[in-house]
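Notes follow the structure.
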Amino acid sequence: MRYSAPRGTQDVLPRDIEKWRRVEHHVRRVCELYGYEEIRTPIFEQTELFVRGIGEVTDIVEKEMYTFPDKRGRSMTLRPEGTAPVARAFIEHNMFSEPQPVKLYYIGPMFRYERPQAGRQRQFSQFGIEAFGSGDAVLDAEIIDLAYTLYRDLGLNNCIARVNTIGCPACRPRYNEHIRNVLSSDLEQLCPNCRSRYDRNPMRILDCKTESCRTIAAKVGPIWGFLCTECAEHFSSLQDSLRAMSVPFELDPTIVRGFDYYTRTVFEFMASGIGAQDAIGGGGRYDGLIESCGGPPTPGVGFAAGIDRLLLAIEASGAAQESQRTLGCFVAAVGEGARLGAARLVASLRRLGVSADMDYMDRSLRAQMRHADRYRARIVAILGEDELRAGTLQVKDMNDGKQWEVSLEGAADEIRAFLQSAREQ
RNA sequence: GUGGAUGUAGCUCAGUUGGUUAGAGUACCAGAUUGUGGCUCUGGGGGUCGCGGGUUCAACUCCCGUCAUCCACCCCA
């Protein structure tokens, strides 16, 4: 039996690891630059947390969760997103008694049982940020600015935030009512999906991709005019803040987002050239979430982005480089008697902080040189019977081919010094 | 969950209207007068042709099923 990685999962091989580390590095750097602290939550939670947090009638909860019973029969679920677990931790550790707002970020694998395709895996990596405790629209803008800054730092230019508001439980029903009124005569023309949305969640009709639905939905018009005064103020304050921060954005009334917990601000970032799954980040405000997860009424805003898709977008936009292993010193041993001496030298080099390696395949000197070259070793130290007798070592600079002799005693220090000065040039 | 495309060496792919021991490039290993890398040359190992049936004298090739991968729908990061 030959095993393969489970459907929708992938191995990140050594040659690609540098790309991942680079993105993860920038994520951590930018988040901390903006005052967010890392939090790590479990990879699985009680199923109930996601059902309550994300919403019972969302696609994620209805058909995409990796749910399993543990040995005591309790229903557990591999986290499909990061916000609900972080909200749970916020409540569990009484963070509402810490200085507000509490600004957290996370990064790690998420799981959704879906058919894989370009930019969509069953296990995928996501990072996200959450700010709890403040309802200030400036904070919403700060988060969009953080995302924008990160994309720029990763080399993703022409990234623009598409921003909208979806009101609050006070004013949204009026807009939903409006949508139903406008579309009541066109019900027959809508796709089956949208027909059921008409009753359950009419706003979702606005971001349907079906051409016919889009033309029909176009006559609904944006929510702006239906907002309550608080939501309208919040929305205009958000735009003022974005402008003050010089964050480019465009208003897009079709952005409505998929989770139940969103209120007021919602936004998305798209990339081009990475396939049909082109959302590389999105988020919004969720003032009701903490309460619905069992905590005190606490406002919050957040954002999440898929690392895998960022990588695709970086790849599509051009410069991405493969990792190459490099070695400070390869020690080539000739003859059985030299092997021990080579092992001793390799060990001392490593203790001095010089990356070093040797041959373990009983190769000829020629083959060892070839390998040193493939390992991209800067220098090769050659130790044979002659050198052993004389207590010396041949050292060769693989860049210019120059070779010289050093005394075996203190060779490690000399090699280290050479590499040091070579690096400084 | 639905639809389409594709499965031949580690990787990228050839393989003629079905016809003998299934090929190339690359990667890997070794060697090129026995102690020196990149370039070049030579040789070598490596494939139950995804899997299971069927048609046929004969199947990598045709048919059915199945599994996997990719792409798209749905939805999202």
Side-chain angles (χ1 to χ4, degrees), chain A residues 1-10 13 15 23 54 57-64 79-83 107-128 147 191-194 196-197 201 204 207-210 213 255-259 268-271 274-283 302-313 327 330 332-335 338 359 361-388 394-403:
Chain A
M1 178 63 190
R2 201 175 153 154
Y3 296 102
S4 55
R7 177 157 224 209
T9 68
Q10 61 173 128
L13 300 176
R15 63 168 166 273
V23 172
I54 301 170
V57 296
T58 56
D59 274 29
I60 288 183
V61 170
E62 280 180 342
K63 48 188 202 196
E64 295 172 4
R79 63 182 185 194
E81 56 101 50
T83 300
I107 177 166
M110 305 291 163
F111 306 83
R112 307 224 284 234
Y113 192 94
E114 301 178 271
R115 281 283 278 271
Q117 72 182 81
R120 185 206 276 161
Q121 300 272 300
R122 288 183 174 180
Q123 174 177 339
F124 58 102
S125 184
Q126 203 176 61
F127 97 89
C191 70
N193 222 314
C194 283
S196 76
R197 285 169 175 157
N201 192 353
R204 300 305 306 275
D207 74 341
C208 183
K209 284 171 187 160
T210 311
C213 292
I255 306 278
V256 297
R257 310 248 75 215
F259 304 156
E268 281 180 8
F269 288 86
M270 314 289 232
I274 62 169
Q277 307 304 316
D278 58 356
I280 53 169
F303 165 79
I307 306 284
D308 311 60
R309 284 190 193 172
L310 286 178
L311 255 8
L312 288 176
L327 196 62
F330 185 91
V334 187
D359 174 61
M361 300 299 287
D362 195 27
R363 285 187 243 257
S364 66
L365 178 61
R366 175 204 283 281
Q368 291 187 60
M369 296 300 291
R370 196 156 43 221
H371 275 266
D373 191 52
R374 281 174 204 167
Y375 286 174
R376 310 188 102 252
R378 176 59 200 268
I379 66 178
V380 175
I382 302 164
L383 185 63
E385 311 284 0
D386 301 345
E387 286 80 10
L388 266 184
Q394 294 294 320
V395 175
K396 180 169 185 175
D397 183 343
M398 295 295 270
N399 275 15
D400 57 18
K402 286 190 184 126
Q403 185 170 319

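Naming: A, B, ... by sequence-line order, numbering from 1 per chain.
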Over all atoms of both residues, closest heavy-atom pair of [X] and [Y]:
X: Ala372(A); Y: Met398(A); value: CB-CE, 4.4 Å
X: Leu310(A); Y: Ala305(A); value: CD1-CB, 4.5 Å
X: Gln121(A); Y: Thr9(A); value: OE1-C, 3.7 Å

Verify the contact: side-chain N or O of [X] to OP1 or OP2 of [N], cut-off strictly under 4.0 Å; return yes or no.
X: Arg15(A); N: rC11(B); answer: no
X: His371(A); N: rC28(B); answer: no
X: Ser364(A); N: rU34(B); answer: no

So do the side chains of [X] and [Y] get within less than 4.5 Å of each other, counting heavy atoms only?
X: Lys396(A); Y: Met369(A); result: yes
X: Asp397(A); Y: Arg378(A); result: yes
X: Ile54(A); Y: Glu81(A); result: yes
X: Gln10(A); Y: Gln123(A); result: no

So, [X] side chain and [Y] main chain: donor-acceptor pair closer than 3.5 Å or not?
X: Gln368(A); Y: Ala333(A); result: yes
X: Arg112(A); Y: Ile60(A); result: no
X: Arg122(A); Y: Pro116(A); result: no

Review point. Does Ile274(A) or Asp59(A) map to a spot on RNA chain B nearer the 5' end, using the closest nucleotide for each?
Key: Ile274(A)
Revision key, fill the gap. The residue, Arg370(A) or Arg363(A), whose nearest nucleotide of RNA chain B is more 5′ is Arg363(A)
Sugar-phosphate, base or nothing in reach of [X], heavy atoms under 4.0 Å:
X: Gly335(A); answer: nothing
X: Asp308(A); answer: nothing
X: Leu365(A); answer: base
X: Arg204(A); answer: sugar-phosphate
X: Gln368(A); answer: nothing
X: Gly119(A); answer: base
X: Glu114(A); answer: base
X: Arg112(A); answer: base

Atom pair distance, as rounded to whole Å: [atom1] in [X] and [atom2] in [N]:
X: Met369(A); N: rA32(B); atom1: CE; atom2: P; result: 16 Å
X: Phe124(A); N: rA77(B); atom1: CZ; atom2: C1'; result: 6 Å
X: Gln126(A); N: rC76(B); atom1: CD; atom2: P; result: 13 Å
X: Met361(A); N: rA30(B); atom1: CE; atom2: P; result: 8 Å
X: Arg79(A); N: rA77(B); atom1: CZ; atom2: C1'; result: 13 Å
X: Glu268(A); N: rC76(B); atom1: CD; atom2: C1'; result: 9 Å
X: Ile255(A); N: rA77(B); atom1: CD1; atom2: P; result: 11 Å
X: Asp400(A); N: rG38(B); atom1: CG; atom2: C1'; result: 14 Å

Gap in Å between the two [atom1] atoms, one belonging to [N] and one to [M], rounded:
N: rU6(B); M: rG53(B); atom1: P; result: 24 Å
N: rU16(B); M: rG7(B); atom1: P; result: 13 Å
N: rG47(B); M: rU8(B); atom1: P; result: 15 Å
N: rU17(B); M: rC13(B); atom1: C1'; result: 23 Å
N: rC62(B); M: rG23(B); atom1: C1'; result: 23 Å
N: rG25(B); M: rG19(B); atom1: C1'; result: 27 Å
N: rC29(B); M: rG45(B); atom1: C1'; result: 7 Å
N: rU61(B); M: rA72(B); atom1: P; result: 30 Å

Should the side chain of [X] and the base of [N] be counted as holding a donor-acceptor pair, with the cut-off at 3.5 Å?
X: Glu387(A); N: rG35(B); value: yes
X: Arg120(A); N: rA77(B); value: no
X: Gln394(A); N: rU36(B); value: no

Revision key, fill the gap. Base-pair string, RNA chain B, Watson-Crick plus G-U, cut-off 3.5 Å on both distances, | for inter-strand, is (((((((..((((.....[...)))).(((((.......))))).....(((((..]....))))))))))))....
Review point. Do Phe124(A) and Arg309(A) pass the side chain to side chain contact (heavy atoms under 4.5 Å, CB included) test, and can you show the C-alpha distance, the side-chain angles, and the key distance before you say yes or no?
Key: CA-CA 9 Å; Phe124(A) 58 102; Arg309(A) 284 190 193 172; over 6 Å; no
Report each atom pair, protein N/O against N/O of nucleotides 66-70 of chain B, whose distance is under 3.5 angstrom.
{"unit_1": "rU69(B)", "atom_1": "OP2", "unit_2": "Arg7(A)", "atom_2": "NE", "d": "2.7"}

Among the nucleotides [options], which one has an atom lying closest to any side-chain atom of [X]?
X: Arg374(A); options: rG35(B), rC28(B), rC76(B); answer: rC28(B)
X: Met398(A); options: rC74(B), rG37(B), rG35(B); answer: rG37(B)
X: Asp373(A); options: rC74(B), rA77(B), rG37(B); answer: rG37(B)

**Study point:** Test side chain to side chain contact (heavy atoms under 4.5 Å, CB included) applied to Glu114(A) and Lys63(A), step by step
**Key:** CA-CA 8 Å; Glu114(A) 301 178 271; Lys63(A) 48 188 202 196; over 6 Å; no
Review point. Should Phe330(A) and Asp373(A) be marked as a side chain to side chain contact (heavy atoms under 4.5 Å, CB included) after you check the CA-CA gap, both sets of side-chain angles, and the distance that decides it?
Key: CA-CA 9 Å; Phe330(A) 185 91; Asp373(A) 191 52; over 6 Å; no
